[in-house]
Amino acid sequence: MLINYLHKIGWFIGLVLLQVLILNNVHIAGYATPFLYIYLILKFESDTPRNALMLWAFFLGLAVDVFSDTPGMNAAATVLLAFLRLFVPRDTLDTLVPAIRTMGILPFLKYLVVSVLVHHGLLLTLEFFSFAHIGTLLLRIAASTLLTVTCIMAVEGIRKKG
């Protein structure tokens with residue numbers, strides 16, 4: 001149990017540092033920015049208590065907000081992501097860690113795309129705070145979602161099979 005928490009804290013610190021030091025400065029064609037830090041929330045076990053998942057999501061988003069000077073936008077988006085993750089139905093009573101090897105590639109890809117799209121939709125809408133340029137907003141959401149999903153699939157491919 002302690003090893004599991006230390007592992008999650010390591011991922012938390014690593015993903016926050018990667019996001020705020022490197023990925024926040026990546027803007028492909030001025031539209032696509034990868035938000036890889038949400039990978040931590042997406043990889044929580046299916047039997048994680050609701051309160052714990054919501055707290056992890058809040059503090060993850062808050063840490064990115066503090067270092068990115070974005071007043072609560074990432075925290076709101078990650079809490080929404082964690083909240084919606086609570087409604088994902090489970091097929092079995094076993095603990096399931098969402099991954100390609102546990103779910104299969106198509107179900108995992110559907111889970112990933114929908115989750116990332118919801119997160120990016122809220123985050124970038126809060127960032128724009130206007131629907132005056134709806135085309136640009138939708139383009140940024142789509143491009144950032146595609147880039148984030150690609151990055152997460154790359155990380156999934158690199159991670160150990162254990």
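Along the sequence shown, residues carry numbers from 1. From a predicted model like this one, the values you see are computed outputs, not experimental measurements. Atoms considered below: every heavy atom in the structure, side chains included; atoms not considered: hydrogens, waters and symmetry mates.
- Using a 4.5 Å heavy-atom cutoff, the side chains of V149 and L109 are in contact.
- Interatomic distance, CG of L15 versus NZ of K8, reported as 12.5 Å (0.5 Å rounding).
- Here K43 contributes atom NZ and W11 contributes atom CH2; the two are 8.5 Å apart, rounded to the nearest 0.5 Å.
- Here the closest heavy-atom approach between residue G61 and residue N74 is recorded as O-CB, 3.5 Å.
- The closest donor-acceptor contact from the side chain of D65 to the backbone of A75 lies under 3.5 Å.
- With rounding to the nearest 0.5 Å, the separation of CG in L106 from CD1 in I100 is 10.5 Å.
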inquiry  = For a side-chain contact (heavy atoms from CB on, under 4.5 Å) check, start with the C-alpha distance between T78 and W56, then their side-chain angles and the critical distance, and finish with the verdict.
reply    = CA-CA 9 Å; T78 53; W56 275 96; over 6 Å; no
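- A 6.0 Å sphere centred on CD1 of I105 holds no more than 12 heavy atoms belonging to other residues, nucleotides or ligands.
- Cluster annotation: L42 is not connected to V97 through the hydrophobic network of ILVMFWY side chains, with a link wherever side-chain heavy atoms come within less than 4.5 Å.
- E45 places a side-chain heavy atom less than 4.5 Å from the side chain of T48.
- The shortest non-hydrogen separation linking L123 to A77 is CB-CB, 3.9 Å.
- Atom CG of N4 is surrounded by more than 12 heavy atoms from other residues, nucleotides or ligands within 6.0 Å.
- Residues I134 and F128 have side chains not in contact (no heavy-atom distance under 4.5 Å, counting atoms from C-beta outward).
- Residue H27 places its NE2 atom among more than 12 non-hydrogen atoms of other residues, nucleotides or ligands, all under 6.0 Å distant.
- Counting heavy atoms from C-beta outward, L81 and S115 have side chains that approach closer than 4.5 Å.
- Other residues, nucleotides and ligands contribute over 12 non-hydrogen atoms within 6.0 Å of the CG atom of N25.
- Put simply, L6 and F12 are part of two different groups of oily side chains (I, L, V, M, F, W, Y) that touch within less than 4.5 Å, one to the next.
- Under the 4.5 Å side-chain heavy-atom criterion for Ile, Leu, Val, Met, Phe, Trp and Tyr, V113 and I41 are members of the same hydrophobic cluster.
- Around atom CZ of F67, no more than 12 heavy atoms belonging to other residues, nucleotides or ligands sit under 6.0 Å away.
- For the pair S144 and A32, the tightest heavy-atom approach, listed with the atom from each and the gap, is OG-CA, 3.7 Å.
- Judged by distance alone, with hydrogens and angles left aside, the side-chain atoms of R85 form a donor-acceptor pair with the main-chain N or O of F44 at under 3.5 Å.
- Looking only at side-chain heavy atoms (C-beta outward), L137 and E127 stay at 4.5 Å or farther from each other.
- L138 CG to T125 OG1: the interatomic distance, rounded to the nearest 0.5 Å, is 8.0 Å.
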task = Let me see the working for L80 and H119 under side-chain contact (heavy atoms from CB on, under 4.5 Å), right down to the final yes or no.
result = CA-CA 7 Å; L80 175 67; H119 174 269; over 6 Å; no
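- By the neighbour-count criterion of 12 heavy atoms within 6.0 Å, atom NZ of K110 is sparsely surrounded, having that number or fewer from other residues, nucleotides or ligands.
- Checking side-chain atoms of R140 against main-chain N and O of L124 turns up no donor-acceptor pair under 3.5 Å.
- Side-chain contact between F108 and R101 is absent, with no heavy atoms from C-beta onward closer than 4.5 Å.
- Put simply, the side chain of S68 never gets that close to the backbone of T70: no donor and acceptor are under 3.5 Å apart.
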inquiry  = What verdict does the side-chain contact (heavy atoms from CB on, under 4.5 Å) test give for I141 and L117, after you've listed the backbone C-alpha separation in whole Å, the side-chain angles of each residue and the deciding distance to 0.1 Å?
reply    = CA-CA 7 Å; I141 291 171; L117 190 60; 3.8 Å; yes
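- Listed for the T33 side chain is no donor-acceptor partner under 3.5 Å among the backbone atoms of N24.
- Checking each of I152, I22, L23 against P34 for a side-chain contact (heavy atoms from CB on, under 4.5 Å) leaves exactly one that passes, namely L23.
- Ring planes of F35 and Y37: perpendicular class, angle over 60° (limits at 30 and 60°).
- Using a 4.5 Å cut-off between side-chain heavy atoms of Ile, Leu, Val, Met, Phe, Trp and Tyr, with links allowed through other members, M73 and Y31 fall into different hydrophobic clusters.
- Placement of V155 and L146 in two distinct hydrophobic clusters is found when ILVMFWY residues are connected by side-chain heavy-atom separations under 4.5 Å, directly or transitively.
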